[in-house]
Amino acid sequence: MEYNFSQIEKKWQKYWAEKQIFKADVKPEKPKYYVLDMFPYPSGAGLHVGHPLGYIASDIIARYKRSKGYNVLHPMGYDAFGLPAEQYAIQTGQHPAITTEKNLKRYREQLDNIGFSFDWSKEVRTCDADYYKWTQWIFLKLFGSWYNKVSDKAEPIENLIETFKIEGNKNVQASTDYADIFSATDWNAYSEKQQQEILLEYRLAFITFMMVNWCPGLGSVLSNEEVKDGVSERGGYPVERKEMAQWCLRITAYADRLLNDLDLVDWPEPVKEMQRNWIGKSLGTELDFQIVGSEEKIKVFTTRIDTIFGVTYLSLAPEHPLIDKITTPEQEEKVKKYVHHAKNRSERDRMSDVKTISGEFTGAYVTNPFTNQPIPVWIADYVLWGYGTGAVMAVPSSDTRDYGFAKHFHLPIIAVQEGPGSDISKEDFDPKAGTMINSGFLNGMMVKDAIKAAMKHTEENGWGKIKVNFKMRDAIFSRQRYWGEPVPVYFKDGLPYPLAESESPLVLPEIQEYKPTETGEPPLGRAKNWKYKGEYSYELSTMPGWAGSSWYFLRYMDPTNQDRFVSPDAEKYWNDVDLYIGGSEHATGHLLYSRFWNKFLFDYGLITKKEPFKKMINQGMVQGRSNLVYKEKNANVIICKNQLKEYAKENNLKPNEDFIQLYVDVNLVDSKDNISIENVIKSRQDLHDAKFEFSIDENGNRIIHCEAVVEKMSKSKLNVVNPDDIVAHYGADTLRLYEMFLGPLEQFKPWNTNSIDGVARFLRKLWRLFYDDKGSYLVVGEAPSKEELKVLHKTIKRVEEDIERYSFNTNVSTFMICVNELGALKCNKKQILEDLLVMVAPYAPHICEELWSTLGHSSSISFATFPMYKEEYLVEDSFEYPISINGKTRHKMSFAATEDVKSIEAAVIADETVQKYLEGKAPKKVIIVPKRIVNVVV
RNA sequence: GCGGAUGUGGCGAAAUUGGUAGACGCACUAGACUUAGGAUCUAGCGGGCGACCAUGGGGGUUCGAGUCCCUCCAUCCGCACCA
């Protein structure tokens, strides 16, 4: 029998699907293992060879863990709400659901080709009403909750209302910006509307007016993560600042827990670090500055209260509300002009123009509480309204931005630190270097101590208080789009009310057109009778993309449950994700929001784990390798890079200016980066009548040598490699092995099929252990030899150790070595080959399943148990020890494995060669590292 | 600027706690079998004639360093006026 991979792969894929081999149900008596991939957004382009990389790794772990006796949950689904389908709908009028369905089908076909062991009975799609019913349910739970800082968890809003009725809010410690104090009497006297307005300020899902990233090109608000360099991440449209009413989730209430619990998870350090930076916790002081001649105070936040004696001005963000109140009449016009200018600068300008220093004096002064000296108040756009209090106490001698500003506007600079590194005008400036000077009671202290002392002083005098500040903002939850989850609220009297459970799910209505309305309302403004009970308007915006993905890992546990988002039994059993594989680009988006929702649900006891993802691996991107040829700008001449200089010289052209690069299809280029002229034309119809400067290869073909560049895979670069093509040519098993063999999973690496033949060869060699080249079956039931057992057990040990530390590439190498060694021994023993198949099966399941069945097994190899290695087979009979004198290797000696260290030592010292080097001197030490080396120290 | 990583043959890479650096694969070279082969098999393959020299450069600890420490350099990624 010959190895016919396409037949074998089809056969077993069908078998697995029909027998539901990978269906995972709750089995309390069995240990569980939950291995999860970040589910994909099914784009229209389909999968390229980079996408399955992580899925292959997770599939190997899933199959491996099954063979280790675990009940494995390995699901797959789709993050199906999203912008591209909606964009396509706007252009073509086709409903996003249709586009999505189509893409999804193609994804499934491509995935099925690779032979994954997903339990498809657990598939989820975020755009299904059965799914987003529960996304809406969680949202309403957030809406119906407030964060109690005393119990440090989310609690039902009803508790809060009870408290308000009994004692008002004076004892309530909540996560809110609401600062007014009211009594029980006040509360009970408030109108329904007033009460709801106050409650809205406490809810974990709330509406607020805020400056947002408004993208007119997309007709929607974008999160900070969706904006890159002032333009939208998708589409590259300009983004501007705009104040709008938005739904927000109070993720800031969880800031501390999100930060601290990072210690509980086994994640790549860079991702943890990104989340820490994103949360941006800093300990500082909030200090009040009294405005001269006014009742008002300006609150600033500083981490460097020790530098208070060096403050020479205050600067306010242009958005600061006190500006209007404090500006003196003389300065009014200038200030108005500056504020207007600063506020209207787009995000893009502000980003690209960081270096320009600008600002304006308000004319007002405040008093420094430590010195009683007056300090001028300025406005500067380097002060951000979104961070701290939007006001900064400027210390030009200790902060480079303040220094630049002071220099620019000729403001005084008072040094408060002295010693090496403390001079801000010098290269080696370190803001925390030196000891304090010119600072009253702080003089002579180190910075660290001075901060503590100044903090204490501030609190004792009541000038301010110690405060923890976070960079993280609440998460904007509104998207002015159609293709997302509707927000399950209706508006009465301008205020949102939750939909009753009987109204759930609130299903996305049909509309005729998918763009914003003429009045600028979101697309849902077009929906007919989008009203609760025909009377109260529903919310017009939908939820953001990350809503559905923030809890899907829970739904997989119990995806068809109609009564709950997940049953307690299923949740208790599957618990949390043991291994999560996906890209690190979600570090501050999905991974943070998922943790937030998880913690929220945990607060209510609805789930039992503080953290959703125990261990995570970020797979590296598989990059494309593009191939380029050059075209003369003003003539239809195609030329390769090597000839460029010569050709340019001959025709009096400039190599850098008179040529443009053109991509050619990488799938038509050979392994030496040559492409025939016919193929150039095939990949680019626009070149069908071009003239070519070609060379002739050994077969007489007219070829052009292409330049190769490693970059991201994309359609426009003609460098996309489709896994389907690889599967058709080499088979899925080869693809799987090859993707793992390419290098460490976490690393970025270019797709390069050069060495794929070696992997394909390995599978043929494996097949040859079972069938000879005439097709005769070789396997016999005889007992294996000692040598064969040695090879097997060595392999088992290495394979197991490597897979346990997720080193997939070394595993593939180990298989190759094993098959080579067994091939050399002409091993045909069933006992050996059986164990080998079980080890290789996670990587190359189809061929192993086929060969497994030839060994007489009637059930799938998926139910086989991973072999255990025995130390007794790993012991060598004798060792050859290299002997080194003072670290330099001199010669080798053989010793029996049974010899003890002392007799080895004696033998080494007695050895003729060693004696020669010792020249009669006694050795200082003889170091013997068992199984490794003998080192004699003279 | 701040933070995080990475650096080993022509290439992808191994080397688990410091212990014979370069396993395994590709490419390459020679040979065998072939009408032929993008098939298969065998051998060689870091540099140097050599003693030896080699893990980005320099220094250190150690009997022994790719691995630990210091320092410099290069590349990549993330954040970026965060007070």
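FYI, side chains are in, hydrogens and waters are out, and symmetry mates aren't considered; it's all heavy atoms of this structure. Please read all numbers here as calculations on a predicted model, not as lab measurements. Below, chains carry the letters A, B, ... as their sequence lines are ordered, and counting in each starts from 1.
- Heavy-atom nearest nucleotides on RNA chain B were determined for M816(A) and for T303(A), and the one closer to the 5' end corresponds to M816(A).
- Other residues, nucleotides and ligands place more than 12 heavy atoms under 6.0 Å from the NZ atom of K272(A).
- Between the CG atom of L384(A) and the P atom of C81(B) there is a distance of 6 Å, rounded to whole Å.
- Look at CE on M621(A): it is 20 Å from P on A5(B), rounded to the nearest Å.
- Judged purely by distance below 3.5 Å, without hydrogens or angles, the side chains of E2(A) and Y771(A) never pair a donor atom with an acceptor atom.
- The aromatic rings of F815(A) and F762(A) sit parallel to each other, their planes meeting at less than 30°, with 60° as the upper class boundary.
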Discussion item. As a check on the pairing definition, encode RNA chain B in dot-bracket form, counting Watson-Crick and G-U wobble pairs whose two distances are under 3.5 Å, and using | for partners outside this strand.
Written reply: (((((((..(((......[....))).(((((.......))))).((....))..(((((..]....))))))))))))....

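- Separating the P atom of G3(B) from that of G12(B) is a span of 30 Å, rounded to the nearest Å.
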Discussion item. Show, in sequence, the C-alpha distance, side-chain angles and deciding distance for M839(A) and L792(A), and conclude whether the side-chain contact (heavy atoms from CB on, under 4.5 Å) test is met.
Written reply: CA-CA 10 Å; M839(A) 285 190 282; L792(A) 176 72; 4.0 Å; yes

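- Here, U55(B) and G9(B) have their P atoms 10 Å apart, quoted to the whole Å.
- The nucleotide whose nearest atom lies closest to any side-chain atom of N820(A) is, among G78(B), A83(B), G25(B), G25(B).
- Taking atom OH of residue Y738(A) and atom P of nucleotide G25(B), one finds them 14 Å apart after rounding to whole Å.
- Side-chain atoms of L258(A) and Q275(A), non-hydrogen and from C-beta on, never get closer than 4.5 Å to each other.
- Distances from the side chain of E801(A) to the nucleotides C24(B), C81(B), U16(B) place U16(B) closest.
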Could you list all N or O pairs between the protein and nucleotides 26-33 of chain B that sit under 3.5 Å apart?
unit_1 : atom_1 : unit_2  : atom_2 : d
C26(B) : OP1    : R761(A) : NH1    : 2.2
C26(B) : O2'    : N754(A) : O      : 3.4

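- Judged as a salt bridge (Lys or Arg N to Asp or Glu O under 4.0 Å), and not counting sequence neighbours, R798(A) has no contacts.
- Between the side chains of S398(A) and Q417(A), at least one donor N or O lies within less than 3.5 Å of an accepting N or O.
- Residues P270(A) and F301(A) both approach RNA chain B. Their nearest nucleotides, taken by heavy-atom distance, put P270(A) toward the 5′ side.
- A salt bridge is defined here as a Lys NZ or Arg NE, NH1 or NH2 lying under 4.0 Å from an Asp or Glu carboxylate O, and K749(A) with E739(A) fails to meet this definition.
- Straight-line distance between the C1' atoms of G22(B) and A15(B): roughly 9 Å, to the nearest whole Å.
- Taking the six-membered ring where the residue is Trp, F301(A) and Y387(A) present perpendicular rings, their angle passing 60° and hence far from 30°.
- For the P atoms, the distance from A65(B) to A74(B) is 28 Å, rounded to whole Å.
- Every residue was checked against the salt bridge (Lys or Arg N to Asp or Glu O under 4.0 Å) condition with E746(A), not counting sequence neighbours, and none meets it.
- One atom, NZ of K765(A), and another, P of U40(B), lie 9 Å apart when rounded to the nearest Å.
- The salt bridge (Lys or Arg N to Asp or Glu O under 4.0 Å) test applied to E821(A) returns K794(A), not counting sequence neighbours.
- Spacing of C1' atoms, C49(B) relative to A43(B), comes out at 22 Å, to the nearest Å.
- Atom NZ in K432(A) sits roughly 14 Å away from atom P in C2(B) (whole-Å rounding).
- Side-chain N/O atoms of R764(A) include one lying less than 4.0 angstrom from OP1 or OP2 on U40(B).
- The side chain of H729(A) lies closest to G38(B), out of G38(B), U16(B), A83(B).
- The aromatic rings of F808(A) and Y806(A) are tilted relative to each other, their planes meeting at an angle between 30° and 60°.
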Tabulated below should be each protein N or O lying under 3.5 Å from an N or O of nucleotides 8-14 of chain B; please produce it.
unit_1 : atom_1 : unit_2  : atom_2 : d
G12(B) : O2'    : L742(A) : O      : 2.4
A13(B) : OP1    : Q747(A) : OE1    : 2.7
A13(B) : O3'    : N809(A) : ND2    : 3.3
A14(B) : OP1    : N809(A) : ND2    : 3.0

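- Using atom C1' as the reference point in both U16(B) and U34(B), the two lie 46 Å apart (nearest Å).
- The shortest distance between side-chain heavy atoms of K790(A) and L874(A) does not fall below 4.5 Å.
- Between the C1' atoms of C45(B) and A23(B), the separation comes to 15 Å (whole Å).
- Following rounding to the nearest Å, R473(A) (CZ) and A80(B) (P) show an atom-to-atom distance of 13 Å.
- Taking the C1' atoms as reference points, C76(B) lies 30 Å from A83(B), given to the whole Å.
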